[in-house]
K.L.:
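So that we are looking at the same thing, I have put the structure below in C-alpha cells.
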Amino acid sequence: MSGYPAVPEGIAFGGDYNPEQWPREVQEEDVRLMREAGVNLVSLGIFAWALMEPREGGYEFDWLDTIVDRLHGAGISVNLGTPTTVPPAWFSRAYPDAFPVTREGVRVGAGARQHACSSHPAFRAASARLAERLAERYGDHPAVVMWHVHNEYGAPLGECYCPSSTAAWRSWLRHRHGSLEALNTAWGTAFWGQHYGEWEEIDAPRWSHTVVNPAQRLDYARFANEEHLSHYRAQRDILRRTGKPVTTNFAGTVSCKSMDLWRWAPELDVIANDHYLNGEQPDNHIQLAMSADLSRSLAGGQPWMLMEHSTGAISWQARGIAKRPGEMRRNSLAHVARGSDSVLFFQWRASRYGAEKWHSAMVPHAGTGSRLWRDVVALGADVRRLAPVRGGRVAAEVAIVWDWESYWALELEWRPSGDLAFRERVDAFYEALWREHVTVDFVHPSADISGYRVVLAPSSYLLTETSAKNLRRYVEAGGHLLVSFFSGVVDENDTVHEGPCPGALRDVLGLSVEEFHPLRERETVTLTGGATGRIWSERVHLGQARALQCFADGPDAGHPALTVHPFGAGTASYLAAALHGAGLRAVLTDLLDRAGVSRPRDLPDTLELVRRDRYAFLINHGPTPANVPAMTGTDLLTGAPFPGQVPAGGVAVVELDRRTP
Ligand code: GLA
C-alpha cells in the first residue's frame, strides 16, 4: 500500500501537538486557535509513552481519546505517533541493558530521549505491543488519517555498541558475507594482521586509539541502518493492518548522515521530512531547496510531507535565530513548490518547561498578540489558497548522484585530504544549479537515470561496479555525465578499484589519474578559464578524452583540469578541481547548454523558480523586486493576474496560462 493520507482538503497545515503538557482549558483554547489558523492536521502522541503505558502492560488511553475526539469535533485530522522514541522510566529501570552505548563506550543516560537500542529484544517487544494497542484502539477512528512511527530514527545516535547490537551484528555479518573467508577478503584483513578465524572473534568497530578497519566501519554503518529499519518495519506492519498510511519522519534528508534513506524510502507509505534551517548560514534557503528536492526524489516524484520545520528559533542550534519577516512564508512555500503537500511545524504551542521551551512554535510564549501568530494565521490562509497544487508533480532534467554509502566511506579517516567532505562538493554543485533556476532530482548511482539530460556525480568516492556500469550505459545511450575528482575510486568495501584511479570510471571518462596533489589549507589553484579551486589538484593523463581547460598554476600546471569524452551517443566530463560559485557555474552552464537543458534566462539569481505541474512558484529571496516579464497567469495567492514582478521577499504562485511556454 502507498499513498498520501486522507487529509480533508488541500495542503495539510499544522504540526506536532503535545497537549499532555497543558491543562484542559489550554487544550480547548488550542483547538479554537487551530481553527482560526486553518490547521487541518496535527501529529499527536510522539512523546507520550509514559502516559499511554504508565506501568508495564498497564495501558491508559482515556486521556488520548478525549483529545482525539475533541480534534475530530473541530474537523482536525490526526497523524498518530507511536512514542517509542521515549521509553518510560519503568522501562529503563526494568531493562538497564537496553540503554544505547556510543562508539567510545559511553552508556547513554535517561532523562532525555532516544535512550533505547533498536536491537534490544525487550525494546522491540514493548514497541510492538504498544503499536498493537494503538492500532486496535484508533485504527477505525475517523480523525486518525495516518501513523507516525517513532521519531527521527538515527538522530542523534545512528550506531549503538551495546551487547545486543554486537550479537545482532555478528548474525548480520554471517548473512551479508556468508563465510569468514569472504568476510576476511571483503575487509582486507590481510592488512595489519586482522584475520578472523571465528565469528565470535569479531567485535563492533569500537573507538580505538588509531584508525579501525574502514571496511568494518562501513559494514557497521550499514548494519546500524538496518537495525533501525527493522525496528520501524515491525511497527509499520502492525499499523498497516488498519489500512491507513504509515510513515516515519526523517531527521533531515540532507543532514541525517547515519541513515541510508534510499533503503528507507520504499518502506514508507509517504515520505516525511523534518527540515531545520541553519540560522547562521547565508542563503540557507538553498540548503532548504536541496533538502526538499532530496525528499521528493526519495518519494520517487510523488508528493511528500514536510513533517516538521520551525516558525523561528531552533533551540538545539547555538543561537536561536528568529526568522525575518516573510521568511517563514518563503520557507514553507518553497517546500510546497518542490513537492510537499504539507506545511507542518514543530510544535503547535511553545512549551513552558523542558528541553525545548526556547524553541519557536506556532503559538509563541508571547501569545496571539504577536507578529508570529499573525504570520501563522496568514500562512494558513496562503496554504488554503494552494489547495489546487496538491498532488502536482515537479519535473527535473538534471540529476545529482547522492549515495549515503559514499557519504559514509568518504568521511572515514585518513583520506588523501582532510578537506574532502561529501556535502562540500554536492552543495557547491547544487547551489550553482539553484542559481541557474534548474530543478534537480537526486538519484542513487544504480537507479534508472535514462530520463535525465544531465547527471552530475560530485562526490561519488565509493562506486560499485554495478553503479559504474549504470553510468556508463547512461552515457552510451546519449546522456551527459559530469564527474568530480576523487569519484569512482573505491568499491563497496572501500577497496581501491584495480589500476589507476578512477578505476570504475576510467573507460567512460577516457582518462586516468597518476597522482593526487591535495592543496594546503589556504592554497588555491587557477584554471586556464580563470576559475579558482581549493582543496585539490591532481595529475590527469588523457586517454580518449580531450582537455577543455588545464591547471594554469599549482602542482599540475599545464595538465588537464576539465575534460570531455564523447562516448557512445553521449559525453562524459571530468572536473579535477574544486571550483565554487561563478567558476563552477560557468562549467555547469556550458554543459547544460550542450545537453539542451531548458531554463529561464535573465532572471536574478536570488529568485527561486520551480514549476509544479502548471503552477510556477516564484520566491524572491533578494532585497529588490524581481521582474519576470515573460510569465502570464493568475497568482493563486492573490487571485489576481500576475503583474510580472515579485516584490522583495515575496512569493507568487502563478497558474500559468497557455501563453507561457
Ligand atoms: C526534531 C524533533 C522534534 C523537535 C525538533 C526541534 O526534528 O523531531 O521532536 O525536537 O527537532 O527542532
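When a ligand or atom number is given, it counts from 1 through the structure's own listing order.
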K.L.:
Which ligand 1 atoms does His359 reach within 4.0 Å, using its non-hydrogen atoms?
P.N.:
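Counting atoms of ligand 1 from 1, those under 4.0 Å from His359 are 6 (C), 12 (O).
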
K.L.:
With a 4.0 Å heavy-atom cut-off (strictly under), which part of Arg113 contacts ligand 1: side chain, backbone, both or neither?
P.N.:
side chain

K.L.:
Just checking, is any N or O donor in the side chain of Asn249 or Tyr153 under 3.5 Å from an acceptor N or O on the other one?
P.N.:
no

K.L.:
Does a side chain donor of either His150 or Thr82 reach within less than 3.5 Å of an acceptor in the other side chain?
P.N.:
no

K.L.:
Here's one to test your reading of the geometry: is the NZ or CZ of Arg236 within 45 degrees of the ring axis of Trp147 and under 6.0 Å from its centre?
P.N.:
no

K.L.:
Using a 4.0 Å heavy-atom threshold (strictly under), name the region of Glu356 that reaches ligand 1: side chain, backbone, both or neither.
P.N.:
side chain

K.L.:
Against heavy atoms of Phe47, which atoms of ligand 1 measure under 4.0 Å?
P.N.:
9 (O)

K.L.:
Give the single entry among Trp316, Phe250, Phe345 that approaches atom 12 (O) of ligand 1 most closely by any heavy atom.
P.N.:
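Nearest heavy atom to atom 12 (O) of ligand 1 lies in Trp316.
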
K.L.:
If you count the atoms of ligand 1 from 1 in the order shown, which ones are under 4.0 Å from a heavy atom of Glu152?
P.N.:
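Contacts of ligand 1 toward Glu152, numbered from 1: 1 (C), 2 (C), 7 (O), 8 (O).
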
K.L.:
Where is the nearest protein heavy atom to atom 5 (C) of ligand 1: which residue, which atom, and how far?
P.N.:
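Checked against all protein heavy atoms, atom 5 (C) of ligand 1 sits closest to Tyr276 OH, 3.4 Å.
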
K.L.:
In ligand 1, which numbered atoms sit nearer than 4.0 Å to a non-hydrogen atom of Asp274?
P.N.:
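Near Asp274, meaning under 4.0 Å from one of its heavy atoms, ligand 1 has 7 (O), 8 (O).
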
K.L.:
Using a 6.0 Å cut-off, check whether atom CZ of Arg24 has over 12 heavy atoms from anything other than its own residue.
P.N.:
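Counting neighbours around CZ of Arg24, 12 or fewer heavy atoms of other residues, nucleotides or ligands fall under 6.0 Å, so no.
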
K.L.:
Just jot down the side-chain contact (heavy atoms from CB on, under 4.5 Å) partners of Ser297, sequence neighbours excluded, or say none.
P.N.:
Trp262, Asp441, Phe442

K.L.:
Side chains of Asn331 and His309: donor-acceptor distance under 3.5 Å anywhere?
P.N.:
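No, His309 and Asn331 have no side-chain donor paired with an acceptor closer than 3.5 Å.
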
K.L.:
For atom 3 (C) of ligand 1, what's the nearest protein heavy atom and its distance?
P.N.:
Glu308 OE1, 3.3 Å

K.L.:
Can you confirm, on distance only, whether ligand 1 has an N/O atom lying under 3.5 Å from any N/O atom belonging to Asp16?
P.N.:
no

K.L.:
Who passes ring pair (Phe, Tyr, Trp, His ring centres under 6.0 Å) against Tyr220, sequence neighbours left out?
P.N.:
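Only Tyr161, Trp169, Phe223 meet the ring pair (Phe, Tyr, Trp, His ring centres under 6.0 Å) criterion with Tyr220.
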
K.L.:
Report yes or no: do Ser351 and Glu356 form a side-chain donor-acceptor pair below 3.5 Å?
P.N.:
no

K.L.:
Could you list the atoms of ligand 1 found under 4.0 angstrom from a heavy atom of Asn151?
P.N.:
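In order of numbering, the contacting atoms are 2 (C), 8 (O), 9 (O).
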
